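On a predicted model such as this, the values are computed, not experimentally measured, just so you know. Numbers for residues simply follow the sequence, beginning at 1.
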Amino acid sequence: SLPAPMSALVLLMSALAGIPARGIGAEPAEDGSTYANLQGDIVLENQRVIVRKFVVQPGQSTGLHKHPSDQLLVFIRGGVLTSQAGRSTLWRDGRVVWQNAADRADEGNTNTGAAPIEMICVNLKASSSSLTAAALLHKPKYQYLNYPNIPGEDLLENDLVIVQRFTVNPGQWEGVH
């Protein structure tokens, strides 16, 4: 069994597991940078998404934060981020945030806590974020994961993604799914 903060990552990766990957590494992506002061490690890239892991060290600023595309941000290990305007926000482990490409950029945040903050950012590529009416009519038959022995928690849902959290305890069987 994985530590609780990793459940969000496992959840995210399981949602993307059916999509064939093109490459894994720490190279810049074609869709632009999300944070001016952070180099994200690419953990998955295919024709639909690019998934990067970011670590913000204590005292480090993210720099300008922009949205090169629609994106899902998952806090694997949360902490306190303080904006340039001085507003401090506690981001808990496993918290998810949806950000639209049309959202304006902000000046960034600084990790004002004592521990590193780890985030996964899933950027949807243009072909996956521009849904047509015909595509919306032909949604997959099963959109939600369902484990009969484990209740799930729906964290976020929109026209492009569904994010659910399941906690599997040591020795627990999730049931046939």
Side-chain angles (χ1 to χ4, degrees), residues 1-17 19 21-46 48-126 128-129 153 155-156 158 160-170:
S1 175
L2 297 170
M6 290 303 293
S7 66
L9 177 59
V10 170
L11 168 69
L12 176 62
M13 296 315 246
S14 68
L16 300 171
I19 306 170
R22 277 198 324 217
I24 298 174
E27 60 213 47
E30 62 194 29
D31 65 348
S33 177
T34 300
Y35 296 103
N37 294 349
L38 300 178
Q39 174 66 41
D41 292 331
I42 297 173
V43 295
L44 174 74
E45 183 175 6
N46 60 42
R48 294 175 55 186
V49 298
I50 182 161
V51 180
R52 289 186 189 89
K53 178 181 179 184
F54 292 98
V55 177
V56 187
Q57 297 297 331
Q60 184 179 18
S61 169
T62 63
L64 181 70
H65 173 209
K66 58 186 177 177
H67 312 112
S69 65
D70 291 341
Q71 60 187 212
L72 177 72
L73 189 61
V74 180
F75 285 84
I76 303 303
R77 297 237 185 249
V80 176
L81 289 173
T82 302
S83 71
Q84 296 299 321
R87 180 174 186 256
S88 294
T89 304
L90 172 62
W91 298 93
R92 297 196 185 278
D93 295 355
R95 170 83 189 269
V96 297
V97 179
W98 179 258
Q99 298 169 321
N100 292 312
D103 292 347
R104 67 179 181 81
D106 64 56
E107 295 301 315
N109 297 279
T110 299
N111 179 354
T112 53
I117 295 172
E118 297 177 25
M119 305 175 293
I120 296 292
C121 184
V122 181
N123 284 95
L124 302 183
K125 292 188 175 179
S128 64
S129 61
E153 177 184 4
L155 301 178
L156 179 133
N158 62 30
L160 301 173
V161 298
I162 295 172
V163 180
Q164 298 172 273
R165 179 186 349 231
F166 296 90
T167 302
V168 182
N169 294 314

Leu72 and Val97: CA distance, side-chain angles, deciding distance, side-chain contact (heavy atoms from CB on, under 4.5 Å) verdict: CA-CA 6 Å; Leu72 177 72; Val97 179; over 6 Å; no

Audit row: Arg52, Glu45, salt bridge (charged side-chain N to carboxylate O under 4.0 Å, His left out) steps and yes/no: CA-CA 9 Å; Arg52 289 186 189 89; Glu45 183 175 6; over 6 Å; no

side-chain contact (heavy atoms from CB on, under 4.5 Å) between Gln84 and Thr110, worked out: CA-CA 8 Å; Gln84 296 299 321; Thr110 299; 4.2 Å; yes

Chi angles and distances behind the side-chain contact (heavy atoms from CB on, under 4.5 Å) call for Val80, Thr89: CA-CA 5 Å; Val80 176; Thr89 304; over 6 Å; no

side-chain contact (heavy atoms from CB on, under 4.5 Å) between Leu81 and Thr112, worked out: CA-CA 6 Å; Leu81 289 173; Thr112 53; over 6 Å; no

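For Asn123 against Pro68, the heavy-atom pair with the smallest separation is ND2-CG, 3.8 Å. Nearest heavy atom pair, residue Trp98 against residue Gln71, reads CE3-O, 3.4 Å. Smallest separation of non-hydrogen atoms from Glu118 and Val55: CG-CG2, 4.1 Å. Residue Cys121 comes nearest to Phe54 through the heavy atom pair CB-CE1, 3.8 Å, listed as atom of the first residue, atom of the second, then distance. The minimum heavy-atom distance linking Pro58 with Gly113 is given by the pair CB-O, 3.4 Å. Closest heavy-atom contact between His67 and Asp103: ND1-O, 3.1 Å.
Asn109 and Ser83 share no donor-acceptor pair across their side chains, judged by distance under 3.5 Å alone. There is no side-chain donor-acceptor pair under 3.5 Å between Arg165 and Thr167.
Note on ring orientation: taking the six-membered ring where Trp is involved, the planes of Trp91 and Phe75 are parallel (angle under 30°, cut-offs 30° and 60°).
With hydrogens and angles ignored, the 3.5 Å screen pairs a side-chain donor or acceptor of Asn111 with a backbone N or O of Val56. A distance-only check finds no donor-acceptor pair linking the side chain of Asp70 to the backbone of Leu124 [under 3.5 Å]. Checked by atom type and distance alone, the side chain of His65 never pairs as donor or acceptor with a backbone atom of Asp106 at under 3.5 Å. In this structure, the side chain of Asn100 does not engage the main chain of Ala102 through any donor-acceptor pair within 3.5 Å. Of the possible polar contacts, none joining the Asn46 side chain to the Ile50 backbone as a donor-acceptor pair under 3.5 Å is found.
Leu73 CG to Gln99 CD: the interatomic distance, rounded to the nearest 0.5 Å, is 5.5 Å.
A 4.5 Å side-chain heavy-atom check between Val122 and Val74 finds every atom pair outside the cut-off. No side-chain heavy atom of Thr62 sits under 4.5 Å from any side-chain heavy atom of Asn37. The shortest side-chain heavy-atom distance between Ile162 and Leu156 does not fall under the 4.5 Å cut-off. Contact check for Leu38 versus Gln60: side-chain heavy atoms found under the 4.5 Å cut-off.
For Glu107, the CD atom sits in a loose shell: 12 or fewer heavy atoms of surrounding residues, nucleotides or ligands are nearer than 6.0 Å.
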